[in-house]
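One structure below.
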Amino acid sequence: AGGVTNNVGASFTQTGGSVATGLTNAGTVNANGGALNGAIANNAGGSFTAGGTVTSNGTFNNANGATLAVTASGNYAIGGLLTNSGSVTVAQGGSLTAPAGIHNNAGGVITNNGTVTDALDNAGLVTNNGTYNANVTANTGTINNSAGAIWNGNFNTAGIVNNDGT
């Protein structure tokens, strides 16, 4: 299979198989299984939801005004760097893994209620209400580790870290 361009107002659902050469999204993507390989651009107004076991081997750029959501039944593994200027949410029971890291830009918001595993470079806002596994390589933004939440990793930070969890 080749690359996919999903325009404003359009919907693309993948339940298995693979996209080989990337995805450009300005509409709605429901990734419920399989592989979305190559670079992914989730542009302003785009909504990308991982509702099953999904992998990607390239980068993922989540633009300002775009949403990346992992549902309670979602398990999304991104092989390349995730760059976020929009909104990333992980539901309780969901899992987001990005071993190449997450770069959360100023204005970017990450809300974790499930499990996130990455290396984090943060200039925006990160709120952990679940389990977050990351060494924070840089932080000029704000990280909130909520009561009852677990953060596994080290902080190298000049920014704000509010820790009410463990």
At their closest point, which heavy atom of [X] faces which heavy atom of [Y], and how far apart are they?
X: Q92; Y: A72; result: O-CB, 3.2 Å
X: A44; Y: A63; result: N-CB, 3.7 Å
X: T89; Y: S87; result: CG2-OG, 4.0 Å
X: A149; Y: N128; result: CB-O, 3.3 Å
X: T166; Y: N145; result: O-ND2, 3.3 Å
X: T55; Y: N37; result: O-OD1, 4.3 Å

Can you confirm whether the side chains of S85 and N105 place a donor and an acceptor under 3.5 Å from each other?
yes

Can you find a side-chain donor-acceptor pair between S146 and N129 that sits under 3.5 Å?
yes

Walk me through whether N61 and N42 qualify under side-chain contact (heavy atoms from CB on, under 4.5 Å).
CA-CA 6 Å; N61 184 30; N42 195 32; over 6 Å; no

Exactly one candidate in D121, D118, N122 meets side-chain contact (heavy atoms from CB on, under 4.5 Å) with I102; the answer is D118

Spatial distance of atom CG (L36) from atom CG (L23) [nearest 0.5 Å]
6.0 Å

Nearest-0.5 Å distance, CG of residue N133 to CG of residue L120:
12.0 Å

Same apolar cluster: F60 and V109, side chain cutoff 4.5 Å
no

ILVMFWY cluster, W151 and V161 together (side-chain gap under 4.5 Å)
yes

Are N144 and D164 close enough, and set up right, to give a side-chain contact (heavy atoms from CB on, under 4.5 Å), and what steps lead you there?
CA-CA 8 Å; N144 297 313; D164 292 323; over 6 Å; no

On the 0 to 90° scale, with breaks at 30° and 60°, tag the Y76-F48 ring pair as parallel, tilted or perpendicular.
parallel

